[in-house]
Amino acid sequence: DRDADKKRIEELLEEKMVLEIAQKQSMNESAHLGWELEQLSKSTDLADSEKSFVFELNECASSRILKLEKDNQSLQNTIQELRDASLTSRESSLKFVELEKENQQLSKKIEKLQNQIEKEKQSNQDLETLSEDLIKDKEQLQVSMETLKADKDRQVR
């Protein structure tokens, strides 16, 4: 039983490491997407409301990432406590089942976060397209206004 428990513990530790790697990749991707969003907001002439919307999205994603990092750190501390305390195999099995459930919950949260980031990225692309269209419309209106002004001046003369 102890050998089976040790084997299960090793499997869970390996699975936890895989989840941590996936979480770190997700956090790196989130940070990169945040940087891209920041670059987009700097390079386009968005209205103040659009900039605040992008800022709020970045803040929301950052806070969720921080929460996931804290949860992950908590799990790592718990695993270390289990190693240090040398719990009996039955207690450690129960604890690892609990940790496995927490890891599954974290995986789901990471997946939700990735989906939200994709939605935010699409939303920002839509905003950028809208902004470009508005800039084009503004330029066309300025050209039309200049033409009308010139015609008016000719009529006045």
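In what follows, residues are counted from 1 in the order of the sequence shown.
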* Asked: Around E118, counting heavy atoms of other residues, nucleotides and ligands shown, do more than 12 lie under 6.0 Å from its CD?
  -> yes
* **Hydrophobic cluster membership, I110 vs M27, 4.5 Å side-chain cutoff** => yes
* Asked: So how far is it from L113 CG to E29 CD, rounded to the nearest 0.5 Å?
  -> 9.5 Å
* Heavy-atom distance under 4.5 Å between the side chains of Q73 and N77, does that happen here? -> yes
* Donor-acceptor contact present, side-chain S26 to main-chain A22, <3.5 Å -> no
* Using the test side chain to side chain contact (heavy atoms under 4.5 Å, CB included), find all partners of Q122 that sit at least two apart in sequence or belong to another chain. => Q125, D126
* Asked: Is E11 paired with R8 through a side-chain N to carboxylate O contact shorter than 4.0 Å?
  -> yes
* **Distance in Å, E132 CD paired with D137 CG, rounded so as to fall on 0.5 Å steps** => 12.0 Å
* **Spacing of S123 atom OG and E128 atom CD [to the nearest 0.5 Å]** => 11.5 Å
* To do: Check side chain to side chain contact (heavy atoms under 4.5 Å, CB included) between E98 and all other residues, then give those that pass, not counting sequence neighbours.
  => K95, E102
* Under the side-chain contact (heavy atoms from CB on, under 4.5 Å) criterion, do E36 and L33 qualify, and how do the steps go? -> CA-CA 5 Å; E36 286 181 1; L33 288 173; 3.7 Å; yes
* State which residues pass salt bridge (charged side-chain N to carboxylate O under 4.0 Å, His left out) with E15; sequence neighbours excluded, sorted by chain then number. => none
* Asked: Out of curiosity, I117 CD1 to H32 NE2, how far, rounded to the nearest 0.5 Å?
  -> 11.5 Å
* **Salt bridge R154-D151, side-chain N to carboxylate O under 4.0 Å** => yes
* Asked: Just how far is it from atom NZ of K112 to atom NZ of K119, taken to the nearest 0.5 Å?
  -> 10.5 Å
* Show the numbers, then the answer: is there a side-chain contact (heavy atoms from CB on, under 4.5 Å) between L134 and K138? => CA-CA 6 Å; L134 289 173; K138 178 183 173 185; over 6 Å; no
* Asked: About how many Å separate NZ of K109 and OG of S107, when rounded to the nearest 0.5 Å?
  -> 11.0 Å
* Asked: Shared ILVMFWY cluster between L13 and L99, side chains joined below 4.5 angstrom?
  -> yes
